[in-house]
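To start, the structure itself, in structure tokens.
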Amino acid sequence: MCGIVGYIGEQPAYDVLIKGLHRLEYRGYDSAGVALLSPDGELNIYKTRGKVDDLERFCESKDVSGNVGIAHTRWATHGEPNDVNAHPHFSCSGRLALVHNGTIENYNVLKTALELQGCTFRSETDTEVLVQLIEYVKETNDCSLVDAVREALKEVIGAYAIAVIDVNDPDMIIGARKSSPLVIGIGDNETFLASDATPIIEFTNKVVYLNDDEIAIIKKGQPLQIISTDNRPAEIDIKTLRMSVSQLEKGGYPHFMLKEIFEQPRTIHDCIRGRVGSKGATVTLSGVIENKDRFLNAHRIIIVACGTSWHAGLIGKRLIQEIARIPVEVEYASEFRYSNPVLTDRDIVIAISQSGETADTLAAIQMARKCGAFVYGICNVVGSSIARATDSGTYIHVGPEIGVASTKAFTGQVTVLSMLALAIGQLKGSVKPGVAEEITSSLRRLPDLIKQALKLNESIEQLSGIYTYVHNFLYLGRGFNYPSALEGALKLKEISYIHAEGYPAAEMKHGPIALIDHELPTVVIAPNDELHEKIISNIQQVKARGGSVIAVVTKGDTTIADIADHILEIPEVAEPLSPVIVSIPLQLLAYHIAIKKGCNVDMPRNLAKSVTVE
Ligand code: G6P
């Protein structure tokens, strides 16, 4: 949540920062701002409510000169999204400017103490406390900016990634992190700093991930220096990124979400590459091989995640239990971390996160590791905090996901979970005859099956016209596809603001059935599987009460075609992998309804892609 970016070098800083903010806008888009150190020694701060485009318009006639600056795009936590609460925040004297991602928990105590010392606060944010505190420490101790940041951070409780500039030290940016991500890009005579690598990759692929309690001292024309908050020099570990700029662009699609939906044949291909061979029925996951004994001795697996990743976790539970025969629990990371769980070193905690930065998931991992559990990560963003905080893991390798509603990451997560289940099952010898062959051959066919499912796009676009203005939707599924129903409903509500509820189909009669009438459409996920007959009865129950039914069925299913109002035919696929194929029409349905309603699908209101606050 919130994106920060900083630049020091020879290019016009404003251009680099604005481009960077656009790349980071998925992290929040309530307000945006920039602080620039001009060549004539001025600190120019421009900020406004709204998106980065609004900031650009606001800056049209302003002095945006200078080669040093910091910028921010906000997802509001403390204080409403207005011009005053927008970052950068500046100190009482106006000499320091600061941007922040995270939450300062003891800001009220600090604010009161600073007010007693004569500081005047302008905003309602927790962030302003940081810049005022740094200035207060700097002035009372008559010390350098680095020392002031270091000392000030000792007083702070909470999460932060910050960047600070000082008009009196115009060739320097100070960055620091604790529990919120910060990446430094090392170019030729220029240095970048950002919440993730997306604003940096266009200029350099050499990056350093700052660790918790580290402070980066970035000086023009000088090598990067990193120290710990207790003033010891820290190691500078330069990594080379493999991301490309084209992955961060829309590639001719009107929205990132549509691009990401259509990318799935390729992303799933990338996800299984090197893990499932072109022949044979084995899966190779290095994380499982390297930790063979952990998996062989596991008593229990607990999956922790949030949002869409949690839905993937529910599918993972069925996959692992069914194939590897290990009991699995799935927990919301936010609940798990405060639940005082009973954990031992025979437990494996699997953390699933697209961004690898979700605060609750990260905290759940830290807690699980303290209790002695082995923690395995399933992340998308390479080098992210969760990927680094886990003992081992498997990347989903679907490339940057920019649309706030997760699509290709979800199918990548389910694909990795199916491979993980099989890899553990093969290790344990628990895989039933024929299952490994069925799963591996379906995994190989997945990209092609997704391509076939994507052909539904036009018919779904037409169908969406019928349902654009309904107020509620029900999604039903059973077995492997009960989580698909939850995910389908989540997609719709996230981007179209239509209330939608996902339910296990058979549970409908214990409550939601009371809602059914001609105004409540029900999406029923009913591919050919073990429970097919049962779900047909559930469809009949909806129809008998005047509800309309959109059914996702396996091609050639004439029984459901005769009862449902609309059918969306998907190709035949092995039951454990059916959630991957089913999710394609559900993603497209949510997308087209939202577009018809005129919603901003890539930046839905109030949401952010990377949730780095509790
Ligand atoms: C936010 C995003 C969701 C995502 C969830 C968990 O709510 O909008 O798309 O599923 O966070 O994020 P993670 O990065 O941990 O998967």
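As a basis for the values below, the full set of heavy atoms in this structure was taken, side chains included, without hydrogen atoms, waters or symmetry mates. Just so you know, ligand 1 is whichever comes first in the structure, and atom 1 is the first atom listed for that ligand.
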* Residues two or more places apart in sequence or in another chain: which of them pass salt bridge (charged side-chain N to carboxylate O under 4.0 Å, His left out) with Lys47? -> none
* Any ion pair linking Arg273 and Asp270 (charged N to carboxylate O, less than 4.0 Å)? -> yes
* Structure fact -> Output for ligand 1, non-hydrogen cut-off under 4.0 Å, lists Cys306, Gly307, Thr308, Ser309, Ser353, Gln354, Ser355, Thr358, Val404, Ser406, Ala608, Lys609, Val611
* **Partners meeting side chain to side chain contact (heavy atoms under 4.5 Å, CB included) with Asp391 (sequence neighbours left out)** => Arg369, Phe374, Val375
* CD/Gln587 to OG/Ser406 distance, rounded to the nearest 0.5 angstrom? -> 8.0 Å
* Trp310 (side chain) donor-acceptor with Ile303 (main chain) under 3.5 angstrom -> no
* Asked: Residues two or more places apart in sequence or in another chain: which of them pass side chain to side chain contact (heavy atoms under 4.5 Å, CB included) with Thr103?
  -> His78, Asp126, Val613
